[in-house]
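Report on the following structure.
The model shown is predicted, which means the values in this text are computed figures rather than measured ones. Values below: every heavy atom of this structure, side chains too, minus hydrogens, waters and symmetry copies.
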Amino acid sequence: ASFIDSESLPQSYVDLVIDYFIPCAEYFVEFICENRRRGTPFLIGINGAQGTGKTTFAKFLSNYLMCFHNLNGCHLSLDDFYLTRSERQKRAREVHPLFLVRGVPGTHDTDLAISTVEKLKNLKTGGEMALPAFEKARDDRKPEHNWLKATGVQDFIIFEGWCVGSRPVPTSTLARPINVLEKTKDQNGVWRNAVNNYLEEDYQKLFLLIDKLIFLKAPNFTSVIEWRKKQEEKLATVQQPDKSRIMTSSETA
């Protein structure tokens, strides 16, 4: 009840918790405890389209494991490992202009994500470390003094993101553009091939750290677009000095 209140969730969320989320959490307890005996945290990946509730589910899973099983852990989001705006500007100049827009493989700092996970794995009793954080309304990484902290030995790590665990596709499937964006902005396929290459190389090194992967399936792409718009509308309500980086309805589509 306190979690639903703190996240401003509808009471109908209780049904999801009872029918799906608690059984899922209980399923992982044995794996987590087995890894704890070996002295290493268990890493759970969560994949799902935008708006499927990855972040809320990850928060619930983390809270449940801590409150009801006395386990210690943390929740990481792939979104918090975006390259800084200046780094994406550099990639946009050197590779393709579309890399300025955050989201696809090639717009994250995978080295930072890997090093963060490795440091969490080695965190000792009484130890403390800051977790990178990104501010979407400003489209840039938060200052380090505003990062949340993980403390003590980690029993589990929950890592969520829309492409977490995803694999590259055969290059032959990228020959033809699949939508208006690719047809007008990436006529020669430079961007989509680069995205696929980043996914095949840098991102697989990160995803290999995952012990178990959960996939949240959206009913259709129309729902994903609507959920994405709602996310941007929610960002627009946050008091920020500069909201120019918030996506418009046409950009989310």
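Taking each heavy atom of Thr56 and Phe3 in turn, the nearest pair found is O-CZ, 3.6 Å. Among all heavy-atom pairs drawn from Leu131 and Cys74, the shortest one is CD1-CB, 4.3 Å. Summarising the geometry of Pro105 relative to Trp162, their closest heavy-atom pair is CD-CZ2, 4.0 Å, with the distance given to 0.1 Å. Here the shortest heavy-atom pairing between Lys54 and Gly48 reads NZ-O, 3.1 Å. When all heavy atoms of Ile214 and Cys24 are compared, the closest pair comes out as CD1-SG, 3.7 Å. Taking all atoms of both residues into account, the shortest heavy-atom contact from Phe134 to Arg102 is CE2-CD, 4.1 Å.
Under 4.0 Å is where a charged nitrogen must lie from a carboxylate oxygen, and between Asp140 and Arg85 no such pair does. Under 4.0 Å is where a charged nitrogen must lie from a carboxylate oxygen, and between Glu34 and Arg38 at least one such pair does. Under 4.0 Å is where a charged nitrogen must lie from a carboxylate oxygen, and between Lys59 and Glu7 at least one such pair does.
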### Task
Before giving the answer on side chain to side chain contact (heavy atoms under 4.5 Å, CB included), spell out for Ile44 and Leu61 the whole-Å C-alpha distance, their side-chain angles and the decisive distance to 0.1 Å.
CA-CA 10 Å; Ile44 302 169; Leu61 194 57; 4.3 Å; yes
### Task
With side-chain hydrogen bond (donor to acceptor under 3.5 Å, both in side chains) as the test, would you mind laying out the steps for Glu128 and Thr151 before giving the verdict?
CA-CA 4 Å; Glu128 181 180 88; Thr151 58; over 6 Å; no
### Task
Please report the C-alpha distance between Lys90 and Glu94 in whole Å, then the side-chain angles of each, then the deciding distance to 0.1 Å, and finally whether the salt bridge (Lys or Arg N to Asp or Glu O under 4.0 Å) criterion is met.
CA-CA 6 Å; Lys90 182 174 184 291; Glu94 296 177 350; 2.8 Å; yes
### Task
Step by step, work out the side chain to side chain contact (heavy atoms under 4.5 Å, CB included) result for Leu120 and Leu76.
CA-CA 11 Å; Leu120 282 169; Leu76 302 176; 3.8 Å; yes
### Query
Going through the checks in order, is the side chain to side chain contact (heavy atoms under 4.5 Å, CB included) test met by Leu199 and Arg167?
CA-CA 7 Å; Leu199 184 59; Arg167 299 173 183 175; 5.7 Å; no
### Message
Apply side chain to side chain contact (heavy atoms under 4.5 Å, CB included) to residues Tyr203 and His108 and explain how you reach the verdict.
### Response
CA-CA 9 Å; Tyr203 285 69; His108 302 90; 2.8 Å; yes
### Task
Give the intermediate values and the outcome of side-chain hydrogen bond (donor to acceptor under 3.5 Å, both in side chains) for residues Gln89 and Ser86.
CA-CA 5 Å; Gln89 288 173 330; Ser86 63; 5.6 Å; no
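Checking Glu118 against Ser115 by side-chain atom types alone, no donor-acceptor pair falls below 3.5 Å.
Side-chain N or O atoms of Thr173 include none that pairs as donor or acceptor with a backbone N or O of Val169 at under 3.5 Å. Distance alone, capped at 3.5 Å, places no donor-acceptor pair between the Asn72 side chain and the Asp155 backbone. Looking at Glu144, its side chain never comes within 3.5 Å of a backbone N or O of Ala130 through a donor-acceptor pair. Side-chain atoms of Thr107 come within 3.5 Å of backbone atoms of Gly103 as a donor-acceptor pair (strictly under, hydrogens ignored). In this structure, Asn179 contributes its side chain and Leu181 its backbone to a donor-acceptor pair below 3.5 Å.
In this structure, the side chains of Phe159 and Leu43 come closer than 4.5 Å at one or more pairs of heavy atoms. The side-chain heavy atoms of Asn196 and Thr171, taken from C-beta on, include a pair separated by under 4.5 Å. Using a 4.5 Å heavy-atom cutoff, the side chains of Met129 and Trp147 are not in contact. Considering only heavy atoms from C-beta on, Phe42 stays 4.5 Å or farther from Gln154 through its side chain. Counting heavy atoms from C-beta on, the side chains of Glu201 and Pro168 never come closer than 4.5 Å. Taking 4.5 Å as the limit, some side-chain heavy atom of Leu209 sits within range of a side-chain heavy atom of Lys121. Looking at heavy atoms from C-beta onward, Phe99 lies out of side-chain contact with Arg93 at the 4.5 angstrom threshold. Taking 4.5 Å as the limit, every side-chain heavy atom of Arg141 sits out of range of all side-chain heavy atoms of Tyr82.
The CD1 atom of Ile32 sits 11.0 Å away from the CD atom of Glu30 when rounded to the nearest 0.5 Å. In this structure, CG in Leu100 is found 7.0 Å from CG in Asp139, a value given to the nearest 0.5 Å. Within the model, atoms CG of Leu16 and CZ of Phe60 stand 10.0 Å from one another, a figure rounded to the nearest 0.5 Å. Note that NE2 of His96 and NZ of Lys185 are 9.5 Å apart. Values are rounded to the nearest 0.5 Å. The CG atom of Asp79 sits 6.5 Å away from the OG1 atom of Thr55 when rounded to the nearest 0.5 Å. Between the NE2 atom of His75 and the CD1 atom of Ile158 there is a distance of 7.5 Å, given to the nearest 0.5 Å.
Ile18 and Leu65 fall within the same hydrophobic cluster, where Ile, Leu, Val, Met, Phe, Trp and Tyr residues are linked whenever their side-chain heavy atoms come under 4.5 Å apart, directly or through other members. One hydrophobic cluster, built from ILVMFWY side chains closer than 4.5 Å, cannot hold both Val104 and Leu83; they sit in different ones. The hydrophobic clustering, which links ILVMFWY residues whose side-chain heavy atoms are closer than 4.5 Å, places Val117 and Phe28 apart. Note: the hydrophobic cluster containing Leu213 also contains Leu78 (ILVMFWY, side chain heavy atoms under 4.5 Å, direct or indirect links). The hydrophobic clustering, which links ILVMFWY residues whose side-chain heavy atoms are closer than 4.5 Å, places Phe57 and Ile210 apart.
The number of heavy-atom neighbours closer than 6.0 Å to CZ of Phe215, taken from other residues, nucleotides and ligands shown, is above 12. Other residues, nucleotides and ligands contribute over 12 non-hydrogen atoms within 6.0 Å of the CG atom of Asp19.
Residue Phe21 is tested with Phe68, Tyr64, Tyr13 for a ring-ring contact (aromatic ring centres under 6.0 Å, His included); the sole match is Tyr13.
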